[in-house]
Amino acid sequence: MTSRPRLRFAPSPTGPLHLGGARTALYNWAAARALGGDFLLRIEDTDRARSTDESLRIILEGLRWLGIHWDEGPDVGGDRGPYLQTERLDIYARYAERLIAEGFAYECFATPEEVDEGRQRLQAEGKRPMYDRRHRDLSDDERAALRAERGPGSLRFRMPLDQEWTLPDLCKGDVRVNLAELDDWVMVRPDGMPTYNFACVVDDLEMGITHVVRGEEHLMNGFKQAVMFDALGATAPLYAHIPLILGKGGKKLSKREADVNILDYRAKGYLPDAVFNYITLLGWSYSGDQDVFTRDEMLAKFRIDDIGKSGSKFDEEKLRWMNGDYVRRLDRAAFVDAGRPYVGDALPAAAFDEQPGFVANVFACYQERVELLSELAERVGWVLGEGVELDEAAQKNLAKHEDAKAWLAGYADVLEASGLPASYPADRAAADAAFALPSAADRPGPDAPPCDGPAQLEASARAFCDERGIKFGHFVHPVRAALTGTNKGPGLFDCVFLLGKERAVARLRAQA
RNA sequence: GUCCCGUUCGUCUAGCCCGGCCUAGGACACCAGGUUUUCAUCCUGGUAACAGGGGUUCGAAUCCCCUACGGGAUACCA
């Protein structure tokens, strides 16, 4: 048992990668990395009717977005491929033959109706409804006759009858079941296509899988698979059947409560690291008092058997908070890069390339004000454009003091005479380089400023107020309203600075 | 119905394996203050939980049993 740890994520491409699948992949990946082993991706596409290339594409993209990388898989290859089950049919056929020859599998010719009828009879007797094993002990002659009459049957696994089996589960502990409770399950369909349990065992064996983390809906499959490993004279991997992710009501996640596709979170403005961190926490904890951690920190502590035993509910509010936290920690350049795809028309693409300093200053003012990157688009819009429309709160602030309009007119004159930098798209490179927003009182300005910065602007505004006997606290609100159209946002003089002289003066006069 | 798993603040959880350090800790949310020209950030404080019942023990969130509730499985789906 000194074999190298090998784990896998084995999605079936019948839909997008959802939250639960992403978490399963994440735990397998983390365990592989923490154990210093390999992580591979295998595609379980034996359900041909429901598998699509599009789903496969989306799943891979979702995993990549989360930063989960695999060492072997359908796209990157590897020594134990192919990694698509439909390309491994000959391997399954070989195993099927062997299992038949050794008496572990038998052909069953029962029609679906017959199987169902047997199930109902069992249920009526108060027993577990399952295949009634009617063709389990047919003689060779009987089998030949049925095959001649009905064509090829399905291949079933001959489960040991009336035998207790203990499955050591890394998450749940030892689970004990009488194998008589389990079906003689179908391994191969009449058309030759293997079913999940069979292909899974063959692949886990052939690919040298040592640990399997998967949803607890597979717990009973764990028994079926372990028994087959035993029949093959092999040791089953260590299983960890982890609880499902639930919705608010404790039921399965509904589409209302969570997005079905992990990539929808990207579209909504979440950072992959935040989503990664959050879903890791759904069933595992880093420590008693820290829930934000890096991947390296996680890998240093991650252990499969520390995954919780009870189901957890998805709470997007906490995810949002965590995303805000990650956004705030980004350095300025990373924040601009991350946010760029989300600003839409609020800032022209040219601005990013031609006046990165200006864009960085605009972004910087919002870094601690957004939780989702997608909020950027509407928040930042006021910085450019000919004018702004005042929202309700802004209109109120403007109307609060009867002298407000006079203040705006007067202040417009002050700004016009000031050393305020020009409005974008004029070249503001020197100004934006000199003053890194958001401005802070405890940060001194440059020694030889090329223009007025927020601090000078504030000083001149205060002087203007003193001169006219205006309370500064009263002055600030109508000015903000006229300039930005809202009553919230970055520091007022950061706003003035970003707006630049022409735009600031024009907006003040428009409301005066 | 049958089999299996689970149950600590509203939510995610720490503690449980190896009983006493638990007057049960942290985080989100919420409430109240503070900082601030607004908003946000940030800081301080607060509300709030061991599902219920029996044991075992000097002592139980921690061990055992029962009940209730929740979830999963019961497919030629994975």
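Residue numbers begin at 1 in each chain, while the letters A, B, ... track the order of the sequences.
Screening Tyr95(A), Trp185(A), Phe223(A) for a ring pair (Phe, Tyr, Trp, His ring centres under 6.0 Å) involving Phe157(A) leaves a single residue, Trp185(A).
Phe276(A) carries Arg295(A) over the face of its six-membered ring, with the cationic atom under 6.0 Å from the centre and within 45° of the normal. A cation-pi geometry, defined here as NZ or CZ lying under 6.0 Å from the six-membered ring centre and within 45° of its normal, holds between Lys301(A) and Tyr286(A). Stacking of Arg462(A) on the aromatic ring of Phe472(A) is recorded, both the 6.0 Å distance cut-off and the 45° axial limit being met.
The backbone N or O of His218(A) lies less than 3.5 Å from a partner atom in the side chain of His241(A), making a donor-acceptor pair. Looking only at distances, no side-chain donor or acceptor of Asp494(A) sits under 3.5 Å from a matching main-chain atom of Pro438(A). Remark: side-chain polar atoms of Asn197(A) are not paired, donor with acceptor, to backbone N or O of Gln225(A) under 3.5 angstrom.
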With the criterion being N/O to N/O and under 3.5 Å, what pairs connect the protein with nucleotides 73-78 of chain B, and how long is each?
residue, atom, partner, partner atom, Å
U74(B), O2', Pro129(A), O, 2.7
A75(B), OP2, Arg119(A), NE, 3.2
A75(B), OP2, Arg119(A), NH1, 2.8
A75(B), O5', Arg119(A), NH1, 3.3
C76(B), N4, Ala110(A), O, 3.1
C77(B), OP1, Arg189(A), NE, 3.4
C77(B), OP2, Arg189(A), NE, 2.1
C77(B), OP2, Arg189(A), NH2, 2.1
C77(B), O5', Arg189(A), NH2, 3.1
C77(B), O3', Arg189(A), NH2, 3.0
C77(B), O2', Asp47(A), OD2, 3.2
C77(B), O2', Arg50(A), NH2, 2.9
A78(B), OP1, Thr46(A), OG1, 2.6
A78(B), OP1, Arg189(A), NH2, 2.8
A78(B), OP2, Tyr196(A), N, 3.0
A78(B), O3', Glu44(A), OE1, 2.9
A78(B), O2', Ser12(A), OG, 3.4
A78(B), N6, Asn221(A), ND2, 3.0
A78(B), N1, Asn221(A), ND2, 3.4

Would you list the protein and nucleotides 63-70 of chain B atom pairs, both N or O, that sit under 3.5 Å from each other?
none

Just the atom pairs and distances: protein N or O near nucleotides 19-22 of chain B's N or O, under 3.5 Å.
none

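Aromatic ring pairs are classed by plane angle as parallel below 30°, tilted from 30° to 60° and perpendicular above 60°; the pair Phe464(A) and Tyr411(A) is tilted.
Nearer the 5' end of RNA chain B, as judged by each residue's closest nucleotide, is the contact made by Asp174(A), out of Ser285(A) and Asp174(A). Nearest-nucleotide assignment on RNA chain B puts the 5′-proximal partner with Lys248(A), out of Lys248(A) and Gly308(A).
The pairing partner recorded for U62(B) is none, the criterion being a Watson-Crick or G-U wobble arrangement whose two distances lie under 3.5 angstrom. When both distances must be under 3.5 Å, the Watson-Crick or G-U wobble mate of C22(B) does not exist. Across all strands shown, A68(B) pairs with U7(B); the Watson-Crick or G-U wobble distances both stay below 3.5 Å. The partner of A14(B), taking Watson-Crick or G-U wobble pairs whose two distances both stay under 3.5 Å, does not exist in any strand shown. Across all strands shown, C42(B) forms a Watson-Crick or G-U wobble pair with G34(B), both key distances being under 3.5 Å. Under the Watson-Crick or G-U wobble criterion, with both distances below 3.5 Å, U74(B) is paired with G1(B).
Two residues are said to be in side-chain contact when any heavy atoms from C-beta on lie closer than 4.5 Å; Arg503(A) and Leu483(A) fail this criterion.
Distance CG (Asn277(A)) to P (U13(B)): 13 Å, rounded to an integer number of Å. Rounded to whole angstrom, the span from the CD atom of Glu317(A) across to the P atom of A27(B) amounts to 17 Å. Between the CG atom of Leu319(A) and the C1' atom of A27(B) there is a distance of 14 Å, rounded to whole Å.
Not a single donor-acceptor contact under 3.5 angstrom links the side-chain atoms of Lys318(A) to the base of A29(B).
We find that Lys268(A) and Glu316(A) are joined by a salt bridge, their nearest charged nitrogen and carboxylate oxygen being less than 4.0 Å apart.
When heavy atoms are screened at a 4.0 angstrom cut-off, Leu122(A) is found touching no nucleic acid atom at all.
Contacts of Cys495(A) classified as side chain to side chain contact (heavy atoms under 4.5 Å, CB included), with partners at least two apart in sequence or in another chain: Trp382(A), Arg480(A), Thr484(A), Pro490(A). With sequence neighbours left out, Asn361(A) forms a side chain to side chain contact (heavy atoms under 4.5 Å, CB included) with Arg332(A), Asp432(A), Leu437(A), Phe497(A), Leu498(A).
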**Report entry** Residue pair Trp407(A), His474(A): steps toward the ring-ring contact (aromatic ring centres under 6.0 Å, His included) verdict
**Finding:** CA-CA 10 Å; Trp407(A) 302 345; His474(A) 292 162; 7.2 Å; no
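Contact between Thr14(A) and Ser55(A) at its shortest, heavy atoms only, is C-OG, 3.7 Å.
Between U35(B) and A27(B), the two P atoms lie 23 Å apart (nearest whole Å). Rounded to a whole angstrom, the distance from the P atom of C17(B) to that of A60(B) is 14 Å.
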Report summary line: With B for base contact, S for sugar-phosphate-only contact and - for none (protein heavy atoms under 4.0 Å), nucleotides 34-49 of chain B reads ---BBBBSS-------
